[in-house]
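The next block holds one structure in the form of structure tokens; read it before the comments.
Because the structure is a prediction, the values reported are computed rather than measured. Counting begins at 1 with the first residue of the sequence.
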Amino acid sequence: MRSALLVRLPVVVCSLALTAGLTVEFGRTLNADAVITTRDVVLILLFALCSFWIAFSFILSSGGFLYTVFQRPLPGPLRPRPGPVRGRTAVVMTIYNEEPSRSLGNLAATVDSMRRTGELDAFDFFLLSDTTKPDVAAEEARAWYALCRRLGVTGKLFYRRRDRNLGAKAGNVADFCRRWGGAYDYMVVLDADSVMDGRTLVSLARIMDANPTAGLVQTQTRCVGRASLFGRMLQFSGAVYGSVFAAGQALWQGRDGNYWGHNAIIRVSAFAASCGLPTLSGRPPLGGHILSHDFVEAAFLRRAGWEVWLVPDLGGSFEEAPPTLLDFAKRDQRWCQGNLQHLRVLGASGLRSMSRFHMFTGVMAYLSAPLWLIFLSVGLSAALTDVIYGHDYFGPSRSLFPGWPAFDVERAQALFLVALGLLAAPRILAILLVLTDGARRRSFGGPARLVLSAVLEMLHSALVAPILMVFHTVFVANTLIGRSVGWNTQMRDDRALPWPLLLRSLLPMVAVGVAILVAAHAVSDALVLWLTPVAAGLVLSPLLCRVTSDGRLGTRARRAGLFVIPEERRTPLVLRAADRYQR
């Protein structure tokens with residue numbers, strides 16, 4: 001506990017100090033000499049709340065960068081125990097109306113990779129289907145039977161289909177634990193797009209063998225396999241920046257880690273005894289089954305005294321990224337509803353403070369969007385009010401002395417640059433780490449292509465950020481007014497999105513962007529320049545989404561050496577096997 005405090009206290013203090021500094025500067029910028037109004041107080045409070053998460057992310061990534069540079073060992077029992085695996089492990093893949101060739105191809109590659117480790121006897125594999133379409137279910141059964149014969153793993157690879165999709169994925173896993181969990185020490189939960197190297201699975205099992213107090217061990221998962229430009233940029237950003245952020249997360253969390261829902265090893269007895277999920281009172285979206293179950297399960301494991309660890313450097317854990325911006329937003333819509341349900345769980349008795357923080361962070365990942373939009377709207381409306389009705393120089397108290405408006409432009413420009421620096425710094429630090437490592441530098445296509453790819457990815461992220469802000473605001477509003485999205489099959493295929501779909505989905509974004517520019521122009525030309533970075537992504541959203549969904553452009557970018565990831569320069573055997581089995 002003392003070692004955790006020595007790490008967490010400086011992170012919290014530095015984050016709060018940085019937030020305080022930014023907020024003070026913003027207050028001075030907003031109204032350098034005039035009387036502070038209620039409107040100013042609202043803006044300052046919104047700015048402070050939103051900027052804390054920027055500061056916190058910067059401090060966390062900086063800590064991960066320093067630990068990586070100095071090669072310091074992360075705290076905790078993070079090294080596998082040598083020797084044969086002692087415990088029995090079930091590798092379970094949960095599927096729901098997925099394309100059988102893809103999901104079973106991924107599972108076949110994982111089984112094949114495990115067989116090459118020589119530890120296959122300690123592992124069994126389960127395909128847990130919640131498929132509701134009869135033709136897809138029949139194809140699953142045929143493919144499973146053919147796969148057992150082809151791999152020679154009859155009696156090691158099992159298929160089960162539930163008649164009713166009760167509790168979605170969490171209910172699927174719970175059903176497995178009730179029926180077969182007693183036969184296994186550990187389980188590894190895979191999604192339909194998951195692929196794991198057998199050596200990684202063996203390492204995770206050895207970590208559990210060596211640490212009887214560990215309830216769950218999560219490793220960093222890399223995105224692979226996308227052809228679309230959007231998917232390739234997601235893969236690239238995760239490969240370059242993910243290691244620094246994951247190291248910072250592991251350092252910050254210690255034994256109070258989180259769970260990302262898949263590609264992690266779990267002690268079955270601990271999970272079965274402590275992770276029964278409540279059915280929240282009331283109707284969905286805030287009631288009913290908890291969609292984002294993983295955060296809650298990690299919190300319940302910690303409440304029961306089990307340790308939850310993040311081991312960021314094992315490698316060999318893969319998944320697919322969403323192929324388009326619309327698919328990314330669709331997935332976020334379900335996550336938004338699930339994360340907002342955590343507001344109902346935050347006050348549960350016995351939870352560790354770090355577990356509550358994880359859930360609150362998940363909530364703020366979506367609530368920050370409407371807060372930023374409110375911040376922007378209040379600021380714009382205030383400026384428009386002053387233009388239309390004139391400034392109230394004497395304030396609500398009717399002072400004898402006028403309060404002259406004095407917006408400090410130079411201070412605002414400096415604050416804007418500092419904020420951009422805090423957002424870009426984790427990316428820049430991660431790029432520096434790659435550039436100083438010859439082997440990693442070459443694995444991303446060399447220094448010139450790496451830097452150019454990073455610049456283009458950051459530009460794309462800047463354009464996408466306001467689009468996601470509006471999407472998330474709509475998702476939060478829909479959840480709060482009672483519109484539930486449920487659990488739907490994810491789109492996993494690369495395809496260029498048609499214009500009718502883009503216009504139908506994104507014309508409201510264009511309207512918001514145009515409204516921002518019109519309102520800013522009514523105030524001043526200078527404000528138009530300030531808000532153009534926000535409005536540009538919204539106005540261009542249909543074109544941006546169309547271009548980045550095109551697989552042909554992604555293929556051309558790969559041929560040009562842009563957004564290349566190490567797994568493409570030297571494809572791991574397990575990924576080559578997955579592609580072969582799928583075909």
What is the minimum heavy-atom distance between L216 and M208, and which atoms define it?
N-CE, 4.4 Å

Below 4.5 Å, heavy atoms only, C-beta onward: do L229 and S549 meet side chain to side chain?
no

Pairs where residues 173-185 contributes a residue and the test salt bridge (Lys or Arg N to Asp or Glu O under 4.0 Å) is met, not counting sequence neighbours:
R160-D175, D175-R179

For F475 and F471, I'd like to know if the aromatic rings sit close, meaning centre-to-centre distance below 6.0 Å.
yes

So do the side chains of M114 and V202 get within less than 4.5 Å of each other, counting heavy atoms only?
yes

Which residues share a side-chain hydrogen bond (donor to acceptor under 3.5 Å, both in side chains) with R552, sequence neighbours left out
D550

Assess whether side chain to side chain donor-acceptor pair (under 3.5 Å) is satisfied between D209 and Y186, documenting all intermediate values.
CA-CA 10 Å; D209 283 344; Y186 321 124; 2.6 Å; yes

Determine, step by step, whether T219 and S317 satisfy the side chain to side chain donor-acceptor pair (under 3.5 Å) criterion, reporting the C-alpha distance in whole Å, the side-chain angles of both residues, the deciding distance to 0.1 Å, and the verdict.
CA-CA 7 Å; T219 186; S317 178; 5.8 Å; no

Considering only NZ, NE, NH1 and NH2 on the basic side and carboxylate oxygens on the acidic side, decide whether R102 and E320 come within less than 4.0 Å.
yes

H460: partners by ring pair (Phe, Tyr, Trp, His ring centres under 6.0 Å), with sequence neighbours left out
F230

Just by distance, with hydrogens left out, do S103 and E99 show a side-chain donor and acceptor under 3.5 Å apart?
no

In short, S194 meets N263 closest at the heavy-atom pair OG-OD1, 2.8 Å

Salt-bridge test for E457 and R427: reply yes if a basic N is under 4.0 Å from a carboxylate O, no otherwise.
yes

Check each of Y366, F328, W372 against H472 using the ring pair (Phe, Tyr, Trp, His ring centres under 6.0 Å) test, and report the only one that passes.
Y366

Residues at least two apart in sequence or cross-chain that pass side-chain hydrogen bond (donor to acceptor under 3.5 Å, both in side chains) with H358, listed by chain then number, are none

Can a donor-acceptor pair be found between the side chains of W309 and E307 at a distance below 3.5 Å?
yes

Check the orientation of W53 and F360. Use parallel for under 30°, tilted for 30 to 60°, and perpendicular for over 60°.
tilted

Between K169 and D191, is any pair of side-chain heavy atoms under 4.5 Å apart?
yes

Scanning both residues in full, the closest heavy-atom pair of A170 with L277 reads CB-CD1, 3.7 Å

If you look only at pairs with a residue in residues 140-154, which of them pass as a salt bridge (Lys or Arg N to Asp or Glu O under 4.0 Å), with sequence neighbours excluded?
E139-R142

Shortest non-hydrogen contact from L234 toward A321:
CD1-CB, 3.9 Å

Taking all atoms of both residues into account, what is the closest heavy-atom pair of A239 and R440, and its distance?
O-NH2, 3.7 Å

For the residue pair F295 and Y259, is the inter-centroid distance of their aromatic rings smaller than 6.0 Å?
no

Take a 6.0 Å sphere around CZ of R576 and say whether it holds more than 12 heavy atoms from other residues, nucleotides or ligands.
yes

Would you please test S292 and N339 for side chain to side chain donor-acceptor pair (under 3.5 Å) and show each step?
CA-CA 6 Å; S292 295; N339 284 17; 2.9 Å; yes

Pair K330 + D327: basic N to acidic O under 4.0 Å:
no

Is a salt bridge present between R199 and D197, judged by a nitrogen-to-oxygen distance below 4.0 Å?
yes

Check the pair R344, S281 against side chain to side chain donor-acceptor pair (under 3.5 Å), reporting the backbone distance first and the verdict last.
CA-CA 9 Å; R344 305 277 307 277; S281 60; 2.7 Å; yes

Of V85, T89, T110, the one forming a side chain to side chain contact (heavy atoms under 4.5 Å, CB included) with L201 is T110

Between the side chains of E568 and R232, is the shortest nitrogen-to-carboxylate-oxygen separation below 4.0 Å, so that they form an ion pair?
yes

Applying side-chain hydrogen bond (donor to acceptor under 3.5 Å, both in side chains), can you list everything that pairs with D124, at least two apart in sequence or on another chain?
R88, K156, Y184

